[in-house]
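Atoms considered below: every heavy atom in the structure, side chains included; atoms not considered: hydrogens, waters and symmetry mates. Order of the sequence lines sets the chain letters (A, B, ...), proteins ahead of strands, with each chain counted from 1.
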2 protein chains.
Amino acid sequence: MINLYKDEDKALVAVDCIIFGFDNENLKILLIKRDFEPERGKWSLMGGFLKKSETLDEAADRVLRHLTGLNNVYLEQLRGYSKVDRDPVERTLSLAYYALINISDHTEINEEYSAKWFNIDEAPSLIFDHQEMVRYAISRLRYRAQTKPIGFELLPQKFTMKQLQSLYEAILGEKLDKRNFINKINGLDILLKLDEKDMNSSRKGSYLYTFDELKYRAKVSDGFTFKL
Amino acid sequence: MINLYKDEDKALVAVDCIIFGFDNENLKILLIKRDFEPERGKWSLMGGFLKKSETLDEAADRVLRHLTGLNNVYLEQLRGYSKVDRDPVERTLSLAYYALINISDHTEINEEYSAKWFNIDEAPSLIFDHQEMVRYAISRLRYRAQTKPIGFELLPQKFTMKQLQSLYEAILGEKLDKRNFINKINGLDILLKLDEKDMNSSRKGSYLYTFDELKYRAKVSDGFTFKL
DNA sequence: TCAAAAGTGTTGACCCTACACCCATGG
DNA sequence: CCATGGGTGTAGGGTCAACACTTTTGA
């Protein structure tokens with residue numbers, strides 16, 4: 001077959017990851033300090049180039065694994081960024097992804113990148129159009145967290161109601177009413193209340209819960225839709 | 001500056017457009033019949049390759065203008081598709097866009113492409129991953145139509161309440177109650193009721209409306225959010 | 001016994017849905 | 001005068017937001 005495409009322009013394709021974490025108080029993003037040109041020394045999203053043999057999802061996965069050592073992380077593609085001179089070295093298209101990771105997992109951040117967690121409202125300014133990507137990621141996360149039970153990706157497997165509420169407050173950027181929040185969550189009926197208590201935060205101790213994914217899936221296939 | 005990127009793989013980048021239209025009854029998409037390889041004779045989305053000198057949005061715009069002759073069309077990027085062998089000729093990344101066009105505009109469909117309008121539920125099967133793109137586009141359109149006043153892009157500038165309701169019914173894929181719909185739309189207070197009537201559909205005639213974009217913008221900057 | 005966080009229900013306001021009849025007109 | 005689509009309002013149910021006190025226990 002003759003190649004009809006041979007006269008078309010090609011481009012470098014990158015993926016850039018907005019990596020969200022939660023420390024029981026603030027929503028954070030993981031940034032790296034570039035020790036290579038261009039923009040050496042500036043803060044940046046973690047990224048990498050798409051290889052011929054992999055999909056975008058696989059590239060994002062690889063990039064993330066390289067930085068955090070984590071597998072099976074929640075990753076969602078956001079959109080493509082394509083300003084012609086967004087990267088001064090060469091025309092590079094970038095596909096932004098966001099990832100949700102549980103900071104308390106034994107995450108071994110690769111020291112090669114001088115990575116650091118920042119509160120989303122205290123992050124330094126970023127290279128290229130990365131700032132714009134972060135803004136978009138936050139808005140997508142806000143939406144998604146209200147329509148899919150993805151919040152649990154950011155929490156340890158066992159968590160308290162307080163932690164869950166703090167997480168949603170951090171994502172949504174607003175305080176929520178404790179009783180209303182708990183009533184709503186309980187109404188969804190997708191959590192499992194354990195017999196175990198977390199004794200770290202109070203003398204009384206607070207019950208631990210887990211997300212019951214099987215029950216959630218069963219309910220979904222029965223017409224249920226998560227709605228916070 | 002030395003080029004640090006020179007060993008990285010490059011890829012062809014395409015844009016593919018899901019072009020929506022509305023004929024006062026059904027939501028439609030515009031497909032082209034390929035008269036070139038690969039997949040000659042099959043139905044496909046309209047697409048084209050990204051050039052070095054343009055952004056993705058500009059490429060989508062160009063592709064759309066080439067097919068329909070239209071400028072200033074509502075276009076929104078959806079996401080990238082990247083299966084390694086999605087195009088059998090060469091590794092090609094595609095960014096899907098959807099467009100909303102008003103069929104009654106003097107649209108001159110370029111005959112070079114043997115394009116044809118199909119009801120969204122009666123479209124033929126498409127090449128590559130275009131089917132998947134269409135599904136995603138419909139779901140994004142459904143969401144967007146409930147949170148942004150984009151429906152008007154699919155209607156003539158002057159329209160009746162009946163047309164607007166039929167449009168939303170077509171987008172959402174469900175029948176709506178006439179009085180509730182009208183109450184809700186009037187509650188938004190972003191339409192201008194004209195003195196003019198459309199006499200084509202009934203003896204009594206029905207009032208024409210236009211979308212009052214200025215009022216809408218003013219309300220938005222005053223904290224209002226469109227919600228159907 | 002006291003400090004500190006956990007846990008627990010109710011009420012009023014508002015919004016959404018269901019629903020049916022009269023109007024205006026051209027033929 | 002009649003057939004056809006256009007236009008209009010209300011009542012009941014459900015959902016959401018506001019709100020405060022009691023419990024537990026380690027120090």
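Nucleotides of DNA chain C nearest to A:S202 and A:R179 differ in position, and the one nearer the 5' end is that of A:S202. Between B:N183 and B:R203, it is B:N183 whose nearest contact on DNA chain C lies nearer the 5' terminus. Mapping B:D177 and B:T160 onto DNA chain D via the closest heavy atom, the residue that lands nearer the 5' end is B:T160.
Side-chain N or O atoms of A:Q165 include none that pairs as donor or acceptor with a backbone N or O of A:K162 at under 3.5 Å.
In the set D:dT8, C:dT8, C:dG9, the nucleotide with an atom closest to the side chain of A:K193 is C:dT8. Set against C:dT17, D:dG6, C:dA6, the side chain of A:S206 has C:dA6 as its closest nucleotide.
Whole-Å rounding puts the A:N180 CG to D:dT15 C1' distance at 11 Å. Per the geometry, CD belonging to B:Q163 stands 10 Å off P belonging to D:dG6, to the nearest Å. Regarding A:L188, its CG atom lies at a distance of 13 Å from the P atom of D:dT15, rounded to whole Å. The distance between atom NZ of A:K175 and atom P of D:dC19, rounded to the nearest whole Å, is 17 Å. What separates CD1 of A:I185 from P of C:dG7 is a distance of 14 Å, to the nearest Å.
The base of C:dA24 does not come close enough to the side chain of B:K204 for any donor and acceptor atom to sit less than 3.5 Å apart. Put simply, the side chain of B:K162 and the base of D:dG6 share no donor and acceptor less than 3.5 Å apart.
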Please tabulate, one pair per line, all N/O donor-acceptor pairs under 3.5 Å involving side-chain atoms of residues 186-194 of chain B, not counting sequence neighbours.
unit_1: B:N186; atom_1: ND2; unit_2: B:I182; atom_2: O; d: 3.4
unit_1: B:D189; atom_1: OD1; unit_2: B:K215; atom_2: NZ; d: 3.2

Going through the checks in order, is the ring pair (Phe, Tyr, Trp, His ring centres under 6.0 Å) test met by A:Y143 and B:Y143? CA-CA 11 Å; A:Y143 167 64; B:Y143 167 64; 4.5 Å; yes

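Looking at A:Y97 and A:D61, their side chains never bring a donor and an acceptor atom within 3.5 Å of each other.
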